[in-house]
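In what follows, a single structure is set out as structure tokens and then discussed.
Protein chains get the first letters and strands the later ones, always in sequence-line order, with residue 1 at the start of each. Note: hydrogens, waters and symmetry copies are ignored here, and every other heavy atom, side chains too, is used.
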Protein chains: 2
Amino acid sequence: ALRRNAAGAFGPDLAKKLSQLVKMEKNVMRSLEMVAKERMEVAQQLSLWGEACDEDVSDVTDKLGVLLYEIGELEDQYVDRYDQYRVTMKSIRNIEASVQPSRDSRFSSLSLLSSLLLCTRTNTPRGKQKITDQIAQLKYKEPNSPRIVVLEQELVRAEAESLVAEAQLSNITREKIKAAYTYQFDALREHCEKVAIIAGYGKHLLELIDDTPVTPGETRPAYDGYEASKAIIQDCEDALTNWVTQNAAVSAKLST
Amino acid sequence: ALRRNAAGAFGPDLAKKLSQLVKMEKNVMRSLEMVAKERMEVAQQLSLWGEACDEDVSDVTDKLGVLLYEIGELEDQYVDRYDQYRVTMKSIRNIEASVQPSRDSRFSSLSLLSSLLLCTRTNTPRGKQKITDQIAQLKYKEPNSPRIVVLEQELVRAEAESLVAEAQLSNITREKIKAAYTYQFDALREHCEKVAIIAGYGKHLLELIDDTPVTPGETRPAYDGYEASKAIIQDCEDALTNWVTQNAAVSAKLST
């Protein structure tokens with residue numbers, strides 16, 4: 001762990017921050033998974049407790065258990081989609097990491113002084129800084145060396161490589177970050193709207209519980225909600241199945 | 001731990017199941033809290049990473065960080081409301097636990113045989129079964145004992161106590177279970193609709209990222225989205241503030 005921390009501390013800064021983000025998202029996923037698992041367990045326990053209660057309470061808690069279990073399953077599906085978002089962010093990290101070594105090479109190949117003197121751009125590509133450095137040394141020591149021309153051509157190629165790498169990073173970062181968060185927000189919205197639908201049907205179920213207080217010894221009227229509770233579950237399942245992004249209920253209107 | 005498990009195994013069955021549910025809900029809450037915490041950390045890390053990127057990516061990731069952090073805060077608020085649901089379920093457990101000892105007394109005070117012979121109702125109140133047993137024994141051993149009349153009056157009082165306790169349990173269970181789940185579903189719906197709102201505004205933010213590919217060496221047009229991104233955050237905050245249950249967007253219509 002110590003070695004890893006030390007390596008991280010000297011590693012590419014930008015890629016390090018994103019690496020950290022990708023790692024932290026793994027934690028979010030694990031916790032979401034835990035919520036899903038525990039939600040399903042709670043759903044089953046509610047049904048189990050309700051079994052010993054009167055018919056109406058027993059039927060309603062059983063059906064509530066079905067709905068709460070469904071929430072757990074949706075949470076599990078959301079975790080899978082969260083992982084897709086995370087994998088997309090990881091691909092930005094990978095391109096950053098592949099561009100970064102060239103940016104950092106000056107620190108390993110040059111003295112601090114020459115790097116202070118020579119580095120004007122922060123995005124110095126692999127070898128580019130080294131070549132610039134060699135040319136400067138040659139011009140000072142052997143101003144007429146034919147190697148200067150060779151190195152200058154090499155520098156042009158390195159410049160080109162640098163420009164391509166930076167353009168790639170710029171293009172891919174933008175493309176991927178949009179894709180990742182579009183995916184994340186679409187998944188989140190779908191998940192949330194579906195859970196809100198379940199919550200709505202859950203409230204309908206509660207209406208089937210007869211909460212008129214009885215006096216001691218009084219018998220409650222027989223429960224006749226079995227058909228109604230079955231229909232509520234069916235309506236809920238249908239609403240979930242028929243949910244489509246195009247008909248998302250929650251809007252996010254812009255004022256301007 | 002062993003002792004506690006053993007005690008649980010012989011404890012009141014109904015109250016035990018609900019106790020278990022209440023405990024499991026505590027776990028759900030802890031995991032939800034963890035998700036909220038990690039969500040806020042991720043939000044900050046995203047802003048931190050974006051700082052070093054180009055202006056558009058930097059501004060948008062910063063604002064995405066604001067929205068994701070807001071989701072974490074909403075999750076925290078939801079946990080608080082989840083606890084209110086849990087506390088309400090706990091009050092059912094408490095009334096169950098206070099009614100239950102009378103139901104179970106036959107197992108401790110009578111032999112298995114007499115309990116098999118004499119128990120017709122499962123909800124035997126405190127002492128009721130014991131008195132019935134004493135009367136039966138007396139009628140067999142001393143059929144003319146004046147104590148039989150005293151015991152029979154005691155039995156009537158015990159019957160009454162039992163009926164009251166059962167009516168209380170029935171009334172309170174129904175009232176509290178409705179209150180608990182109404183609270184839970186209202187909180188869930190509010191939470192979900194608000195997060196869906198945030199997801200919608202998050203997608204608007206993404207539109208500000210210029211993802212037109214650039215060729216190597218080409219400079220991107222200057223970013224001019226600062227006003228727009230600020231407005232999106234403001235619109236989102238307003239939408240969250242103005243959200244009211246009455247205008248909930250997601251509906252749960254019944255087919256019948």
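- Heavy atoms of A/L64 lying under 4.5 Å from chain B belong exclusively to its side chain.
- Only the side chain of A/L68 comes within less than 4.5 Å of a heavy atom in chain B; its backbone stays farther off.
- In terms of heavy-atom pairs under 4.5 angstrom with chain B, the leader among A/L46, A/V164, A/V195, A/L205 is A/L46.
- Considering every non-hydrogen atom in both B/A196 and A/C192, the closest pair reads CB-CB, 4.0 Å.
- Of the two parts of A/I92, only the side chain, counted from C-beta on, holds a non-hydrogen atom closer than 4.5 Å to a non-hydrogen atom of chain B.
- For B/R30, no part sits under 4.5 Å from any heavy atom of chain A, backbone or side chain.
- Listed options A/A252, A/G200, A/S31 were ranked by heavy-atom pairs under 4.5 angstrom with chain B; first place goes to A/A252.
- We find the CG-OG distance between B/D56 and A/S170 to be 7.5 Å, quoted to the nearest 0.5 Å.
- Within the 4.5 angstrom heavy-atom criterion, only side-chain atoms of B/M89, from C-beta onward, approach chain A.
- Distance check, rounded to the nearest 0.5 Å: NZ of B/K178 to NZ of A/K203 gives 11.0 Å.
- In plain terms, the two heavy atoms of B/Y201 and A/L254 that are nearest each other are CE2-CD2, 3.8 Å.
- When each of A/I232, A/T173, A/D210 is scored by its heavy-atom pairs under 4.5 Å with chain B, the top score falls to A/D210.
- The candidate with the highest count of non-hydrogen atom pairs below 4.5 Å against chain A, out of B/E218, B/E51, B/Q20, is B/Q20.
- Note: A/N171 CG to B/R220 CZ = 5.5 Å, rounded to the nearest 0.5 Å.
- Residue A/D224 qualifies as open at atom CG: its count of foreign heavy atoms under 6.0 Å is 12 or below.
- The 12-atom threshold is exceeded at CE of B/M24, counting heavy atoms of other residues, nucleotides or ligands nearer than 6.0 Å.
- Looking only at heavy-atom pairs under 4.5 Å with chain A, the residue among B/A249, B/A199, B/A167 that has the most is B/A199.
- Each of A/T215, A/V60, A/T212, A/V57 has some count of heavy-atom pairs under 4.5 Å with chain B, and the biggest count is that of A/V57.
- The distance from the CG atom of A/L18 to the CG atom of B/L48 is 11.0 Å, given to the nearest 0.5 Å.
- Only the backbone of A/E207 comes within contact range of chain B, judged by heavy atoms closer than 4.5 Å.
- Counting all heavy atoms, side chain and backbone alike, A/V42 lies closest to B/V28 at CG2-CG2, 3.8 Å.
- Counting heavy atoms from C-beta outward, A/R174 and B/V214 have side chains that stay 4.5 Å or more apart.
- The candidate from A/I71, A/I209, A/L188, A/I197 with the greatest count of non-hydrogen atom pairs under 4.5 Å with chain B is A/I209.
- Atom CE of A/M29 has more than 12 heavy atoms from other residues, nucleotides or ligands within 6.0 Å.
- Of the atoms belonging to B/S251, it is backbone heavy atoms, and not side-chain ones, that fall under 4.5 Å from chain A.
- Listed for the B/Q45 side chain is a donor-acceptor partner under 3.5 Å among the backbone atoms of A/K17.
- For A/I172, no part lies near chain B; criterion is any non-hydrogen pair under 4.5 Å.
- Looking only at heavy-atom pairs under 4.5 Å with chain B, the residue among A/A239, A/G217, A/A160 that has the most is A/G217.
- Contact of B/D235 with chain A is made through the side chain alone, with heavy-atom distances under 4.5 Å.
- In this structure, the separation between CD1 on A/I177 and CG on B/D211 is 11.0 Å, given to the nearest 0.5 Å.
- With values rounded to the nearest 0.5 angstrom, B/F185 atom CZ is found 9.0 Å from A/I198 atom CD1.
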